[in-house]
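Being a predicted model, the structure only gives us computed values, none of them experimental.
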Amino acid sequence: MDFFHNFGINTNTVMTSSFDRIKEKLNILADAAKYDVSCSSSGSVRKNNSKGLGDSSGMGICHSYTEDGRCVSLLKILLTNHCIFDCAYCVTRKSNDVQRAAFKIQEVVDLTINFYRRNYIEGLFLSSGIFKSPDYTMERLVAVAKKLRLEENFNGYIHLKSIPGASDELMREAGLYADRLSVNIEVPTISGLKLLAPDKKHEDFTKPMLKVKNEIIQYKLEKKIIKSTPKYAPAGQSTQMIVGATGESDKDIMYSATHYYKNYNMKRVYYSGYVPVAEDSRLPAIGTQVPMLRENRLYQTDWLLRFYGFGVQELLNNDHPNLDMDVDPKLGWALRNMEYFPVDINKADKNVLARVPGLGMKSVHKIISARRYRKLNWEHLKKIGVALNRAKYFIVCDSNTWEHKDREGTKIKGLILQNSVGKFRKEYSNQLQLFS
Amino acid sequence: MNATKTLIYDGSFNGFLTAIFVAFDEKAQVVDIQKNSSSQSGLFSETETIFTQMDKAKRVWNGIHKKSHNAIKDIYFAYLSETKGIELLLYRYIRKMFASASSISSDYSDSTVLKISQLARSVGREKHRMEAFVRFQLTKDNIYFSNIEPDFDVLPLITKHFRSRYADQQWLIYDVKRKYGIFYDMNQVEIITLELEAAYTNSLKKSVHFGEEEYNYQDLWNNYFKSTNIKFRINLKLHQQHVPKRYWKYLSEKKVV
Ligand code: SF4
């Protein structure tokens with residue numbers, strides 16, 4: 001078979017003439033969108049049973065990774081970087097002197113489809129600066145999604161950014177075509193928001209969130225009764241907070257995140273270390289290091305809250321308002337709560353095992369299935385892949401030796417730090433150097 | 001006591017399953033199971049050539065299936081790793097499985113079980129990577145074409161994924177290393193063998209098989225990839241961990257422009 005027989009069939013060449021212009025727009029509008037970190041494409045199931053294009057399997061695929069190590073799974077762009085507002089932390093703000101551009105609706109559709117067909121992406125993440133008015137902007141975002149679904153028969157992932165202040169009616173429509181909707185809080189405290197985004201009101205963010213939440217609930221109820229009810233934002237909603245721009249504590253951030261998880265049924269809250277993009281006396285100066293380690297600790301904490309059964313006040317409270325930088329939050333918690341240990345590997349419940357430093361959920365499951373066959377000792381645990389260098393101080397197993405004995409938390413911490421070559425140790429010391 | 005035996009099979013998975021059937025059936029003391037393309041006869045064992053028989057293969061497959069659903073996946077995945085000696089390892093695994101009353105597939109304190117599950121996991125990872133890293137290029141005769149060169153033989157594992165995702169376009173994914181591909185004609189997926197002289201990868205030289213539009217999109221993607229990078233956060237080590245260098249030559253975003 002010769003698949004490279006040149007029949008000389010040429011597909012449409014619309015792109016060729018305007019190619020340079022598109023390229024320029026894409027550069028500008030991808031560049032401006034890159035600070036939004038909420039890019040996951042998981043959590044939606046959209047089956048392709050009409051022989052159309054694409055499906056969403058529920059598990060997102062990262063098609064590539066940026067040189068800073070973040071996953072690329074969606075075409076993440078702004079519809080435009082024109083904006084009538086002037087939020088201090090944002091590259092797109094009115095007063096910033098940057099090149100401006102705007103995509104036509106059809107251009108975004110073409111890019112999405114053609115990238116998707118080449119297996120570059122799982123779908124589209126479309127956000128926008130606010131031009132003219134919130135409704136005018138939101139209408140255009142919705143039009144892109146609608147076109148993709150109805151005209152192109154596209155079943156890939158679509159994430160639309162809700163524009164703060166857009167009408168309920170548009171929010172409702174957006175959810176019919178998008179898999180996920182998000183409004184970014186950006187600033188975790190109300191006072192910080194006043195300071196940095198004086199044009200915006202707190203309700204501009206919470207109102208659309210509430211709308212989306214209620215619509216999701218209502219559509220789910222209707223679906224139970226009428227099977228043909230369309231899906232409404234099946235992957236739920238998410239939000240993002242900037243970290244390190246306004247001097248908030250980790251406690252402020254995580255309590256606020258918990259609030260959004262609880263009251264607005266957020267699927268994900270993202271934390272984004274502030275990348276200085278403007279000279280502004282209200283903000284850290286340009287060149288200030290991005291607080292990557294802190295960001296990482298917040299994600300670890302978020303993870304513990306969502307999957308490990310921790311309560312936020314266990315990890316952060318008035319006595320302990322900020323996360324430890326030298327140890328991860330689970331280890332930090334364990335060291336402050338030594339009375340909880342040692343835990344017996346061969347007897348303890350799943351949720352108790354989950355709290356042992358060095359035991360991830362995968363190890364926990366492996367331990368639970370492996371101990372049905374025999375009592376586990378150190379050798380078995382090592383084989384299973386438990387990070388014994390930390391776990392050994394907190395557990396007993398089928399063996400007489402126990403590393404913990406009666407050591408105190410501070411001593412154990414010293415021992416663990418001595419022996420660990422943690423991923424972030426180097427970065428941590430880099431960051432420290434800045435301050436010394 | 002029976003003499004020791006080396007079984008030689010045709011290199012197909014069904015051939016391998018037939019060999020397992022024979023091994024059980026003859027209660028032979030099997031010291032090795034080898035592909036005919038790479039067989040080396042041992043000094044002290046006799047060899048027996050196995051001819052693939054679907055009914056026997058099926059019986060083994062169903063037998064394993066009845067025992068454990070997890071095990072069957074692990075066995076197939078581990079087999080596709082093409083690791084040296086995998087057949088014998090799997091034979092031991094399957095024997096253990098039938099000897100035990102309970103399912104063994106999660107008994108990670110057993111070294112054979114652990115090894116098989118690790119191999120299966122590596123193959124699973126490669127499968128996942130291929131689902132991510134396939135880069136289609138649109139040929140002039142309207143086929144979305146991709147070259148891949150995976151460490152393990154994962155084409156059989158990714159067929160379903162691409163079929164359901166790209167139901168409305170013709171596509172062909174070609175394994176450069178193993179010289180075969182899977183082709184979807186908008187109805188079904190066929191396995192096809194063909195010799196392609198050149199690999200059509202992300203090279204800067206334009207090939208006559210692809211149109212100008214194709215190169216435009218590659219350019220756009222490449223550009224997009226560059227503009228998503230935040231230079232304050234650059235971390236090349238992490239980048240390489242996620243996108244191992246051996247895949248770069250097949251990724252259009254890694255084209256040096
Ligand atoms: S409204 Fe949005 S795009 Fe405009 S300046 Fe504020 S954050 Fe930036």
A:Tyr116 ring center near B:Phe136 ring center (under 6.0 Å):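 No.
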If I measure from the heavy atoms of chain B, does [X] come under 4.5 Å with its side chain, its backbone, both, or neither?
X        : answer
A:Arg371 : neither
A:Phe115 : side chain
A:Ile28  : neither

Roughly how far, to the nearest 0.5 Å, is [atom2] of [Y] from [atom1] of [X]?
X        : Y        : atom1 : atom2 : result
A:Arg117 : B:Trp171 : CZ    : CH2   : 14.0 Å
A:Ile22  : B:Asp219 : CD1   : CG    : 13.0 Å
A:His63  : B:Glu131 : NE2   : CD    : 9.0 Å
B:Asn223 : A:Asp31  : CG    : CG    : 11.0 Å
A:Lys25  : B:Leu220 : NZ    : CG    : 12.0 Å
B:Arg135 : A:Arg118 : CZ    : CZ    : 12.0 Å

Closest heavy-atom pair and its distance - B:Asn216, A:Phe19: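 Heavy atoms of B:Asn216 and A:Phe19 come nearest at O-CE1, 3.3 Å.
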If you take all heavy atoms of A:Asn119 and B:Val134, which pair is closest and at what distance? ND2-O, 3.1 Å
Quick one: sort the A:Tyr120 and B:Trp221 rings into parallel, tilted or perpendicular, breaks at 30° and 60°.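 Aromatic pair A:Tyr120/B:Trp221 classed parallel.
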